[in-house]
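Here is how names work: the chains are called A, B, and so on, in the same order as the sequence lines, proteins then strands, and each is numbered from 1. In this text, all values refer to a predicted model and were calculated from it rather than measured experimentally.
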Number of protein chains: 2
Amino acid sequence: MFSQASEYALRALTELARCDRQEWILTGDLAELLGVPVHYLAKVLQTLARKGVLESQRGRQGGFRLAESPENITVYDVVRELDDVRQLESCIMGESECSDDTACPLHNLWRDVRDEFVESLQNTSLRELAEFQEKRPGSSRLTIVKPKLPVVKASKVPNGRNSPRQNNRTFGSHYLLNTRSNFVP
Amino acid sequence: MFSQASEYALRALTELARCDRQEWILTGDLAELLGVPVHYLAKVLQTLARKGVLESQRGRQGGFRLAESPENITVYDVVRELDDVRQLESCIMGESECSDDTACPLHNLWRDVRDEFVESLQNTSLRELAEFQEKRPGSSRLTIVKPKLPVVKASKVPNGRNSPRQNNRTFGSHYLLNTRSNFVP
DNA sequence: TGTTATTCGGATAACTGAGTCTTATTATCC
DNA sequence: GGATAATAAGACTCAGTTATCCGAATAACA
């Protein structure tokens, strides 16, 4: 459904929401905790920082943290920056002319499902994800100790040359993780 | 949401459901009516024929037709053969261990939306799509005249070198349109 | 001031979906 | 039987997603 980028982002930001808002969290620690590819996660987090969802701090003692309080960031806010949510609005049969007026045969069905979905994403904040995760049996978390930042790792990290898990796709991404193109037409 | 393949398939099969079940319909006529790339539509229809959703007839006076009566073919039946519907069942946050027991923070939300969606797809038949299309204002259709099969074309067909409309994605396709691999593990 | 630790940015590669084109196969009609 | 018209099958192109890696910029610390 979502792209890998969005999936990684949601999982990472759920963990960030469980941490002290002032602390800078390392990409590496997040990646290890979640068991996801470090470099790719880094790109995702960089994108979210560029978009204003995260704050980043370079150099020693740097890292990432939420730009706003977790209850003010919704799941939709995150996914919107990484996937092309406009495709949720477009015709499910791919017709160019399909609206409430000129509906395709599946228009109403899809509108109902999609509206419920989008509304749910907009009504769910990172705080709720974090609270749910908190109660989850066996859930590890990032432990902040003073000068160094050790990690209680969750599962064995499968290392060595991942070939890309290709194309388990999503409702679509557009230009995604590149530096340029901050505007959406 | 759906792949291009599924979108084209649904639109094409909706038209097939409006035709005489005995008639063989040409890929070219369907493509012209729908304004979709002929060769790609051909691949999609061939796949559906291989999977048993359609029947095909080679040679002169050949073409495609529904393998069963339209009320016995659901939207889900079509999409299932072209997209990897198992991905709808998998975790929306990409966690490997996520079930009703070990739920991720978005598990219940996604399960509700997805179940309603899948159920709708399974409860909607091609007959319903065809009937809806029938009532639609300005909807063209394939006109079967005796020996030749002229077509009342719907809209201007944008011809000339379509570069692939890239990656407006879907919940995922797997091996999709290749000849082999009829089984799904 | 120099070292170290971190994000930032670009280059590159594998894999797949979308689409085109060409050839082979097959059925019908003259 | 031969010409014709259609599906069947494969090779190929193009672009986007998912990664990996490296060097540059930058901030903290000794």
Side-chain angles (χ1 to χ4, degrees), chain A residues 2-8 24-31 36-50 54-65 82-84 94 147-149 159-170 172-180, chain B residues 2-8 24-31 36-50 54-65 82-84 94 147-149 159-170 172-180:
Chain A
F2 294 145
S3 62
Q4 280 293 318
S6 281
E7 289 179 0
Y8 294 164
W24 297 105
I25 306 295
L26 298 185
T27 307
D29 290 344
L30 278 169
V36 306
V38 197
H39 294 295
Y40 191 63
L41 179 63
K43 281 230 181 299
V44 172
L45 297 181
Q46 282 163 27
T47 300
L48 290 176
R50 212 161 42 233
L54 296 181
E55 288 175 357
S56 64
Q57 173 75 16
R58 280 185 170 186
R60 227 179 191 189
Q61 300 287 71
F64 293 93
R65 67 184 184 196
L82 300 169
D83 287 342
D84 182 12
K148 292 288 181 182
L149 304 173
N159 244 339
R161 307 263 148 190
N162 295 350
S163 57
R165 305 161 186 145
Q166 218 51 40
N167 267 348
N168 299 356
R169 221 50 62 47
T170 140
S173 311
H174 234 253
Y175 292 102
L176 200 39
L177 295 182
N178 50 358
T179 310
R180 292 170 285 283
Chain B
F2 294 144
S3 64
Q4 280 293 318
S6 282
E7 290 180 357
Y8 294 164
W24 297 106
I25 305 295
L26 298 184
T27 306
D29 290 345
L30 278 169
V36 306
V38 198
H39 294 295
Y40 192 63
L41 179 62
K43 277 216 188 305
V44 172
L45 298 180
Q46 282 163 28
T47 300
L48 291 176
R50 213 161 41 233
L54 296 181
E55 289 174 357
S56 64
Q57 172 75 13
R58 279 185 170 188
R60 231 181 189 187
Q61 299 289 72
F64 292 93
R65 68 185 182 196
L82 299 169
D83 286 343
D84 182 12
K148 294 288 184 183
L149 305 174
N159 244 340
R161 312 260 145 193
N162 294 349
S163 57
R165 304 161 187 146
Q166 218 53 36
N167 268 351
N168 299 355
R169 221 52 60 43
T170 140
S173 310
H174 233 253
Y175 293 102
L176 201 38
L177 295 183
N178 49 357
T179 311
R180 292 168 284 284

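Protein atom CD1 of B/I25 is 11 Å distant from nucleotide atom P of D/dT7, rounded to whole Å. Rounded to a whole Å, the NE2 atom of A/H39 is 17 Å from the P atom of C/dG10. The CG-C1' distance, from A/L45 to C/dT6, rounds to 13 Å in whole Å. Rounded to a whole Å, the CD atom of A/E55 is 19 Å from the P atom of C/dT6. In this structure, CZ of A/R65 is placed 14 Å from C1' of C/dT7, rounded to the nearest angstrom. Atom CG of A/L41 and atom P of C/dC8 are 12 Å apart (whole Å). Taking atom CG of residue B/L54 and atom C1' of nucleotide D/dA8, one finds them 14 Å apart after rounding to whole Å. Note: CD (B/Q46) to P (D/dA6) measures 15 Å, nearest angstrom.
Contact check for A/L82 versus A/L48: side-chain heavy atoms found under the 4.5 Å cut-off.
Nucleic acid contact class of A/G28 (heavy atoms, under 4.0 Å, all strands): none.
For A/S56, the side chain to side chain contact (heavy atoms under 4.5 Å, CB included) partners at least two apart in sequence or on another chain are A/A49, A/F64. Applying the side chain to side chain contact (heavy atoms under 4.5 Å, CB included) criterion to B/Q57, with sequence neighbours excluded, gives B/W24.
Among the nucleotides C/dG9, D/dC21, C/dT20, the one closest to the side chain of B/P37 is C/dT20. Among the nucleotides D/dT20, D/dT7, D/dT18, the one closest to the side chain of A/S3 is D/dT18. Checking D/dA19, D/dC21, C/dG9 against the side-chain heavy atoms of A/Q4 singles out D/dA19 as nearest. Relative to the side chain of B/L26, the nucleotides D/dA6, D/dA8, C/dG9 differ in distance, and D/dA6 lies closest. Checked against D/dA8, D/dA9, D/dC21, the side chain of B/R50 finds its nearest nucleotide in D/dA9.
Distance alone, capped at 3.5 Å, is enough to place a donor-acceptor pair between the B/D83 side chain and the B/S3 backbone.
Atom CD of B/Q4 and atom CD of B/E7 lie 5.0 Å apart (nearest 0.5 Å). Interatomic distance, CZ of B/R50 versus CG of B/L45, reported as 11.5 Å (0.5 Å rounding).
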Is there any protein nitrogen or oxygen under 3.5 Å from a nitrogen or oxygen in nucleotides 28-30 of chain D, and what are the pairs?
residue : atom : partner : partner atom : Å
D/dC29  : O4'  : A/R60   : NH1          : 3.0

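For the OP1/OP2 pair of D/dT17 and a distance below 4.0 Å, the side-chain nitrogens and oxygens of A/Y40 include no atom meeting the criterion. Here B/T27 does not reach the OP1 or OP2 of D/dA6: none of its side-chain N or O atoms lies under 4.0 Å away. Put simply, B/S56 has no side-chain N or O that comes within less than 4.0 Å of OP1 or OP2 on D/dA6.
Residue A/T27 comes nearest to A/V38 through the heavy atom pair CG2-O, 3.8 Å, listed as atom of the first residue, atom of the second, then distance. Between A/L26 and A/G62, the shortest heavy-atom contact is CD2-O, 3.3 Å.
For C/dG10, the base has a donor-acceptor partner in the side chain of A/K43 [N/O atoms by modelled type, under 3.5 angstrom].
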